[in-house]
Amino acid sequence: MGLFDEQLTAVRRFIDEAEEAGRLRRLDSPEAEPWPSGSSLVLEEDTVLELGNPSIGSLSMLVWAAEGEAHDGAVSLVGPDLAEASGTGLPFAQVVIAAGDFPNEYDSYRDLRDAVYDTKLKGLSVRTMPSKQVLWCRVSREASDAGLSIGHLGAALLESLRDVPGVTAAEALFVTSGQEDISRLSGAAAGARRLVDAMMKMYQENNFDCETCEYQDVCETVMDLKQIRKKLTDGKAV
Amino acid sequence: MILAVCGKGGVGKTTVSAIGAKALAASGVKALIVDADPAAGLAMALGIEPKRTLNDVRKALIEEVKAGRRDERDLAVSVDYLVAEALTERDNLAFLSIGRPEDVGCYCKVNVILKDAIEMLGGMFGATLIDAEAGIEQVNRKVMGAVDYVLLVSDTSAKAVRVAETIRDVSGRMIPDAGAGLLVNRVREPAEADKVESYTSLEVIGRVPEDDTVREFDAGQKSFFDLPECPASVAVESTLAAAGFLP
C-alpha cells in the first residue's frame with residue numbers, strides 16, 4: 001500500500017476511460033527540441049492563451065508511487081493542445097506522478113514539489129496556489145508562434161523530476177478539455193492535498209495529539225500516515 | 001530600473017508619479033507602477049480601480065497560516081500567485097496598490113510584503129515606478145531596498161526641502177548604491193527654484209512649473225492617462241530622463 005493509492009487509482013481510471021473513449025493523446029516524444037527554460041512574466045497584452053484561470057477550471061496535483069507504478073516518460077493530454085485552442089482561455093489540470101524509492105517522505109515530497117515549482121519555460125508564466133491546488137498560466141504570443149506545446153511542458157517537468165533523488169520514473173497528465181473532466185480529478189486532488197497537509201503537520205509541528213488534530217480521520221485510515229506517525233514518535237525520523 | 005518618488009506629504013509626489021506612469025505607457029516599456037501610499041492617491045489619479053491590493057494578499061496569507069500552512073516554499077509561491085492576482089493591467093503597464101488595512105495603526109506587515117513584491121517583480125519589468133508613502137517610514141524600513149533611484153520631490157517651501165534632505169540622508173544609509181535627485185515642484189517663478197537650489201545640499205535635477213492643466217485634472221479627478229502635453233508634464237518627463245528613468 002502506498003500513501004496515494006486511492007488517488008492513483010482515480011487518476012488511472014480517468015486515464016483509462018479517456019483512452020477508451022479516444023480522448024487521450026500521448027505526447028511522449030515531442031519532435032521539437034527541449035524548450036528553453038526561464039522565468040517569464042507575461043502581461044495580458046502579450047498573452048495569446050491563458051490556462052487554468054480559476055473561473056474556468058484549474059487543478060494541480062502531485063503524487064508519488066512505488067517503483068514500477070508510473071509509466072516513465074509518459075505525457076498524456078485530454079483536450080486541445082496549445083495551438084489547437086479556439087479561444088483565449090483553456091481550463092487546465094496538471095497531474096504529476098513520480099515513482100521511486102522515498103525513504104523520507106517529507107524530504108522527498110519537498111524535493112518533488114520544488115522540482116515542479118522550479119520548472120519554468122520561456123514564454124510561459126506559471127503561478128500556483130498550493131492550498132487551492134490551482135495553476136494559472138499564460139502563454140506569450142512569441143512562445144505560441146515559436147511552437148510551445150503541452151508536450152514541451154510535460155517533457156520539462158519529467159526531466160526536473162528525474163533529477164530528484166530516488167525517482168526512477170515520472171509521468172504527467174494534462175487536461176484542457178473542460179471543467180467537467182477537471183472536476184472528475186478534483187476529489188483525488190483534494191485527497192492528495194489532505195494527505196500532504198497531514199504529513200507536513202506531523203513533520204513540522206511534531207505534535208501527535210490526535211484528539212485535537214484536524215487530520216485524525218485520514219491518519220486513522222491511511223496506513224502510510226500511520227507508519228510515518230509511528231516513525232516520528234519512535235524518534236526514527238531524520 | 002526601479003525609481004521611488006519620495007517626499008513630504010502634499011508636495012505633488014502622486015502627480016509626478018501619475019505623469020511618469022503616462023510617459024511609461026507611451027514608451028511601450030513593460031512597466032510596474034506601485035501605489036505604495038496607503039492613501040491610494042495614484043490609483044485615483046490614473047483612474048484605476050484595483051480589484052485586489054497587497055493588503056488583501058496579507059489577509060489571504062494570514063488565512064493560509066491560520067489553516068496550518070506554514071511551509072516557506074508553499075507560502076512563497078502563494079505570495080507570487082496572490083501578487084499576480086493583485087496586478088491590474090493596462091497595455092504595457094501593471095499596477096499594484098498597497099491598499100489600506102482596516103485596522104488602524106501599523107503597516108509593517110504590508111510593507112514587508114511590499115518589499116518582497118518589489119524585489120520579486122521589479123526585475124521582471126523594464127521599469128518600476130513607486131509612489132511612496134509620505135515621509136521616511138518606507139525608506140527607513142528598507143521597503144525600498146531594491147530601489148535604484150530616489151526621486152525626491154518638494155515644493156518651494158523650506159520645510160519640504162528639509163524633509164527631502166532627511167529622506168536622502170536615510171536612503172543614503174539604507175540604500176547606499178541608489179542615486180538621488182530633487183525635483184522642485186509647483187514653481188511659480190524661476191527665482192523660487194533658484195532660492196531652493198542656493199541652500200539645499202541636494203542635486204536639483206528638475207523644476208516643474210505650477211500648471212493649470214494639472215490643477216484642472218486634479219480637481220476634476222480626471223485620469224492622468226488623458227493628460228495632454230503641458231509645461232508640467234514636459235518638465236516631469238525631462239526630470240525622469242535626467243534620472244535615467246526615461247529615455
Side-chain angles (χ1 to χ4, degrees), chain A residues 38-47 50 52-55 58 60 62 106-107 109-120 122-123 125-138 140-142 193-194 196-207 212-216, chain B residues 2 21 24-34 48 50-52 56-57 59-96 116-128:
Chain A
S39 288
S40 290
L41 175 85
V42 182
L43 291 183
E44 259 173 25
E45 69 162 359
D46 301 322
T47 301
E50 195 170 59
N53 185 314
S55 66
S58 183
S60 173
L62 165 66
Y106 180 65
D107 286 345
Y109 169 73
R110 298 205 309 171
D111 289 345
L112 293 170
R113 175 202 63 181
D114 290 352
V116 173
Y117 287 165
D118 293 336
T119 302
K120 297 177 191 301
K122 197 175 173 191
S125 77
V126 180
R127 295 205 153 76
T128 182
M129 185 78 187
S131 62
K132 293 182 179 168
Q133 298 181 291
V134 292
L135 195 65
W136 176 26
C137 313
R138 281 178 174 177
S140 75
R141 185 166 287 104
E142 196 179 345
R193 183 72 231 175
R194 194 156 166 76
V196 167
D197 284 347
M199 181 189 72
M200 300 281 265
K201 184 175 179 180
M202 280 188 208
Y203 273 96
Q204 290 174 344
E205 296 185 14
N206 217 27
N207 177 356
T212 60
C213 181
E214 68 270 36
Y215 299 109
Q216 190 185 8
Chain B
I2 303 178
L24 286 168
S27 74
V29 170
K30 197 185 284 186
L32 175 66
I33 310 297
V34 182
I48 290 173
K51 292 189 203 82
R52 307 197 76 182
D56 296 320
V57 173
K59 287 193 283 189
L61 284 175
I62 289 170
E63 291 305 314
E64 291 286 305
V65 173
K66 275 185 184 170
R69 299 189 179 94
R70 297 184 174 89
D71 183 85
E72 282 184 19
R73 187 77 204 271
D74 278 346
L75 286 175
V77 297
S78 300
V79 169
D80 185 37
Y81 182 96
L82 292 164
V83 168
E85 263 193 334
L87 291 176
T88 304
E89 296 179 42
R90 178 191 157 121
D91 301 328
N92 56 317
L93 303 187
F95 183 88
L96 186 61
D116 291 345
I118 292 168
E119 288 174 1
M120 180 174 72
L121 290 171
M124 304 180 93
F125 286 88
T128 298

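Naming: A, B, ... by sequence-line order, numbering from 1 per chain. Only a predicted model underlies this, so the values are computations on that prediction, with no experimental measurement involved.
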Ring pair (Phe, Tyr, Trp, His ring centres under 6.0 Å) against Tyr117(A), all qualifying residues, sequence neighbours excluded |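 Counting only residues at least two positions away or on another chain, Tyr117(A) forms no ring pair (Phe, Tyr, Trp, His ring centres under 6.0 Å).
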
Tell me which donor-acceptor pairs under 3.5 Å the side chains of residues 60-69 of chain B have, and how far apart each pair is, sequence neighbours excluded?
from     : atom 1 : to        : atom 2 : distance (Å)
Glu64(B) : OE1    : Ser131(A) : OG     : 3.0
Glu64(B) : OE2    : Ser131(A) : OG     : 2.6
Arg69(B) : NH2    : Asp197(A) : OD2    : 3.4

Identify which part of [X] has an atom lying under 4.5 Å from any heavy atom of chain B, answering side chain, backbone, both or neither.
X         : value
Met129(A) : both
Asp114(A) : both
Ser40(A)  : backbone

Rounded at 0.5 Å granularity, tell me how far [atom1] in [X] sits from [atom2] in [Y].
X         : Y         : atom1 : atom2 : value
Arg73(B)  : Arg113(A) : CZ    : CZ    : 6.5 Å
Asp91(B)  : Glu45(A)  : CG    : CD    : 5.5 Å
Lys201(A) : Asp71(B)  : NZ    : CG    : 15.0 Å
Leu41(A)  : Leu32(B)  : CG    : CG    : 9.0 Å
Glu89(B)  : Asp46(A)  : CD    : CG    : 9.0 Å

Heavy atoms only: give me the nearest [X]-[Y] pair and the separation to one decimal.
X        : Y         : answer
Leu43(A) : Asn92(B)  : CD1-O, 3.6 Å
Pro54(A) : Tyr81(B)  : CG-OH, 3.1 Å
Asp80(B) : Val126(A) : OD2-O, 4.5 Å

Measuring heavy-atom distances to chain A, does Leu82(B) have an atom under 4.5 Å in its side chain, in its backbone, in both, or in neither?
->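 Looking at Leu82(B), just its side chain touches chain A.
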
Could Glu85(B) and Lys132(A) be called an ion pair, given the rule that one side-chain N must be under 4.0 Å from one carboxylate O?
->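 A salt bridge is absent here (no side-chain N lies under 4.0 Å from a carboxylate O).
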
